[in-house]
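Side chains are part of it too, since the values below use all heavy atoms of this structure and drop only hydrogens, waters and symmetry mates. Quick caveat, the model's predicted, so the values are computed rather than measured.
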Amino acid sequence: MKFKISIIFSFYFLLFTFSNSNHANESCVNIIANVSNHQNLIDKGTFRAHFTRNKDIDLNFDYDAQTPFADYLTFAKKNIIQSNPRALIKCDKYKTSMFNNLSAPLEPNVANLIAPYELSHKDNDRVIVLIHGLTDTPYHFHDLSEKFYDMGFDVRTLLLPGHATTAHELSKISYKDWQLATRYIIENSKNKYSEVLLGGFSTGGALIFDYLKNNKKNDKIKAALFWSLGSEAKSSSAKYTPYLNYVPFLTWVDKAADTDFAKYESFPMNAAAQFYNLSEHVTELLDESLNSAFDIPFYAVSSDVDNTINSETSYKLFAKWQQQSNAKKSVITRYNTNSTTNSKGTVCASAINCKRVIDISHTGITNSYNNPLYGLSSVYRNCGHYLGEPKLYASCLKTDTFGENHKKNLHDFATINKTMARLTFNPHFDQMISDIKQFLQNNALLN
């Protein structure tokens with residue numbers, strides 16, 4: 001299978017111009033595998049601090065819906081190379097199946113793996129727009145993009161402002177910048193295609209809710225899909241973050257090693273504050289009537305034990321949405337629950353994919369268990385819940401047990417002097433794809 005991809009990047013010369021940079025001889029594999037250096041990365045903020053490759057370059061994009069999407073892709077790639085210290089580092093081992101099958105082969109470095117992309121069929125009039133979550137990159141949609149492309153859809157992904165560079169950039173961003181970028185890709189796609197599907201993970205889903213809330217119904221938008229909808233933060237302290245954001249010495253919620261090239265592990269206070277501000281727009285819908293833009297079917301999947309987002313708030317929003325006349329064939333999949341009305345319960349039943357999986361996390365739902373970075377066989381471990389506890393952190397980096405990092409799991413493992421990593425893949429990925437296909441067929445969006 002070969003994808004026809006429309007990614008036009010005039011910045012390729014930088015791959016050679018800066019090949020002698022400080023990180024040129026490193027690789028993604030070495031950075032992740034060198035466990036003894038993680039504390040050093042945390043202390044120095046090597047991949048967390050602000051970075052500029054060429055101070056004479058000033059990059060901006062107007063986010064005008066009439067500006068070609070190819071121009072946006074060029075801008076986004078340039079910005080990654082300019083502001084990400086790892087942009088040119090080799091990542092051969094973490095090439096996804098989608099990346100391997102691009103019709104225009106690209107160097108498997110960080111910049112190419114995490115940049116936004118467009119997958120296109122010839123003379124196609126259907127597209128799905130995918131928007132990633134807070135601290136993430138479009139790499140988190142590689143596995144899903146391949147499946148949607150195989151279903152016959154063109155695929156477009158967005159890189160939210162402040163992402164794919166260093167976590168420091170999220171300390172300067174506003175949720176309004178994300179709204180502007182979201183509006184751009186949706187309006188631009190509506191200009192080109194007659195059928196548009198919207199898909200969002202976590203914060204990306206919140207931005208879709210926000211977009212629908214603030215726009216009238218458009219017949220070109222046929223459906224919406226959500227993975228771990230970012231409806232409301234799970235932490236009861238989230239409401240204080242807009243105020244704490246003004247305290248000078250509270251710049252960071254977490255300072256991590258940031259060994260994950262496709263997602264920030266460090267977390268600025270401003271990022272938390274901006275998500276809270278955005279989520280307020282979403283949760284207002286619990287007390288408001290949904291406008292006609294919501295009169296479309298949706299597919300949603302979440303974990304009941306999500307430790308980032310309050311899933312119950314998401315379920316309430318979806319239940320309200322299902323009352324719309326054209327949303328009757330919507331589907332809600334809830335992981336770790338018994339089947340309930342208008343939802344499909346799923347438990348971890350596969351002996352292979354679910355081996356050593358305790359429950360389903362917020363972070364892994366979009367990733368296949370075969371994903372080279374986040375999958376079952378990867379050496380990468382998400383261990384941010386043990387920051388500040390060096391011995392437990394080191395143990396977690398070698399663990400083979402995965403789950404959500406909620407209090408019960410952490411307590412249970414502490415009592416037996418063991419650790420667990422946060423789950424970064426979906427053991428139900430194949431079933432989820434089957435469910436999505438059925439949803440699309442039931443709503444006459446797939447043959």
Side-chain angles (χ1 to χ4, degrees), residues 119 121 124-132 140-141 143-157 186 189 193-202 204-206 208-209 211-212 217-231 290 293-304 306 311 314-347 349 360 364-368 426-447:
L119 308 178
H121 298 271
N124 194 29
D125 208 23
R126 303 187 302 162
V127 68
I128 181 165
V129 172
L130 298 173
I131 306 174
H132 65 78
H140 288 249
F141 278 124
D143 299 334
L144 281 170
S145 293
E146 182 176 32
K147 300 300 183 182
F148 283 117
Y149 183 87
D150 288 345
M151 293 179 207
F153 293 95
D154 285 7
V155 180
R156 285 180 161 191
T157 58
I186 295 175
S189 297
Y193 296 92
S194 62
E195 294 187 20
V196 179
L197 275 63
L198 306 178
F201 169 70
S202 193
I208 291 172
F209 256 82
Y211 174 86
L212 294 174
K217 182 176 176 61
N218 186 289
D219 289 339
K220 288 190 175 183
I221 297 179
K222 301 298 185 181
L225 296 90
F226 301 94
W227 297 269
S228 300
L229 170 65
S231 57
L290 300 183
F294 288 92
D295 194 20
I296 55 175
F298 68 85
Y299 169 86
V301 55
S302 294
S303 170
D304 283 2
D306 189 317
S311 294
S314 299
Y315 299 147
K316 290 177 182 177
L317 286 165
F318 289 134
K320 188 170 185 177
W321 189 338
Q322 279 187 310
Q323 297 173 20
Q324 303 291 306
S325 60
N326 289 318
K328 302 302 182 183
K329 295 181 180 180
S330 298
V331 174
I332 304 171
T333 297
R334 298 175 58 168
Y335 292 144
N336 306 310
T337 184
N338 294 321
S339 295
T340 58
T341 304
N342 294 325
S343 68
K344 178 177 180 179
T346 307
V347 294
I360 307 300
I365 285 181
T366 61
N367 299 318
S368 167
N426 187 347
H428 312 296
F429 187 81
D430 295 339
Q431 182 61 52
M432 179 179 71
I433 297 302
S434 178
D435 292 343
I436 290 173
K437 288 181 179 179
Q438 189 63 58
F439 160 75
L440 295 173
Q441 291 168 351
N442 290 345
N443 288 280
L445 296 171
L446 186 67
N447 295 328

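Interatomic distance, OG of Ser189 versus CG of Leu197, reported as 11.0 Å (0.5 Å rounding). Between the CG atom in Leu229 and the CZ atom in Phe298 there is a gap of 10.0 Å [rounded to 0.5 Å]. Between Glu195 atom CD and Phe153 atom CZ the span is 7.5 Å, to the nearest 0.5 Å. Atom CD of Gln324 and atom CG of Asp295 lie 5.5 Å apart (nearest 0.5 Å). Note: Leu198 CG to Leu225 CG = 8.5 Å, rounded to the nearest 0.5 Å. Note: Asp150 CG to Ser145 OG = 10.5 Å, rounded to the nearest 0.5 Å.
Minimum heavy-atom separation, Thr366 to His140: OG1-O, 3.0 Å. Pairing each heavy atom of Ser311 with each of Ser302, the nearest pair is OG-CB, 4.3 Å. The shortest non-hydrogen separation linking Pro297 to Ser330 is CA-OG, 3.5 Å. Contact between Asp304 and Tyr315 at its shortest, heavy atoms only, is OD1-OH, 2.6 Å.
In this structure, the side chain of Asn426 does not engage the main chain of Gly364 through any donor-acceptor pair within 3.5 Å. Side-chain atoms of Asn124 come within 3.5 Å of backbone N or O of Gly152 as a donor-acceptor pair. Proximity of a side-chain donor or acceptor of Ser228 to a complementary backbone N or O of Ser202 within less than 3.5 Å is not detected. Using modelled atom types, one side-chain atom of Trp321 and one backbone atom of Ile296 make a donor-acceptor pair closer than 3.5 Å. In this structure, the side chain of Ser368 does not engage the main chain of Phe429 through any donor-acceptor pair within 3.5 Å.
The residue from Ile128, Leu144, Leu130 that alone fulfils the side chain to side chain contact (heavy atoms under 4.5 Å, CB included) condition with Thr157 is Leu130. No option in Met151, Lys222, Arg126 other than Lys222 meets the side chain to side chain contact (heavy atoms under 4.5 Å, CB included) test with Leu445. For the ring-ring contact (aromatic ring centres under 6.0 Å, His included) with Phe226, the qualifying choice from Phe439, Tyr299, Phe209 is Phe209, the only one to do so. Checking Asp306, Val301, Ile365 one by one against Ile360, the side chain to side chain contact (heavy atoms under 4.5 Å, CB included) holds for a single residue, Ile365.
Counting heavy atoms from C-beta outward, Ile436 and Leu446 have side chains that stay 4.5 Å or more apart. At a threshold of 4.5 Å between non-hydrogen side-chain atoms, the residues Val129 and Tyr193 do not count as touching.
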Practice problem: Could you give me the CA-CA distance, side-chain angles and deciding distance for Ile131 and Tyr211, then say whether side chain to side chain contact (heavy atoms under 4.5 Å, CB included) is met? | Solution: CA-CA 12 Å; Ile131 306 174; Tyr211 174 86; over 6 Å; no
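A centroid separation of 6.0 Å or more is found between the aromatic rings of Phe201 and Phe141.
Annotation for Lys220: atom NZ counts as buried by contact number, over 12 foreign heavy atoms lying within 6.0 Å. Heavy atoms of other residues, nucleotides or ligands lying less than 6.0 angstrom from NZ of Lys320 number more than 12.
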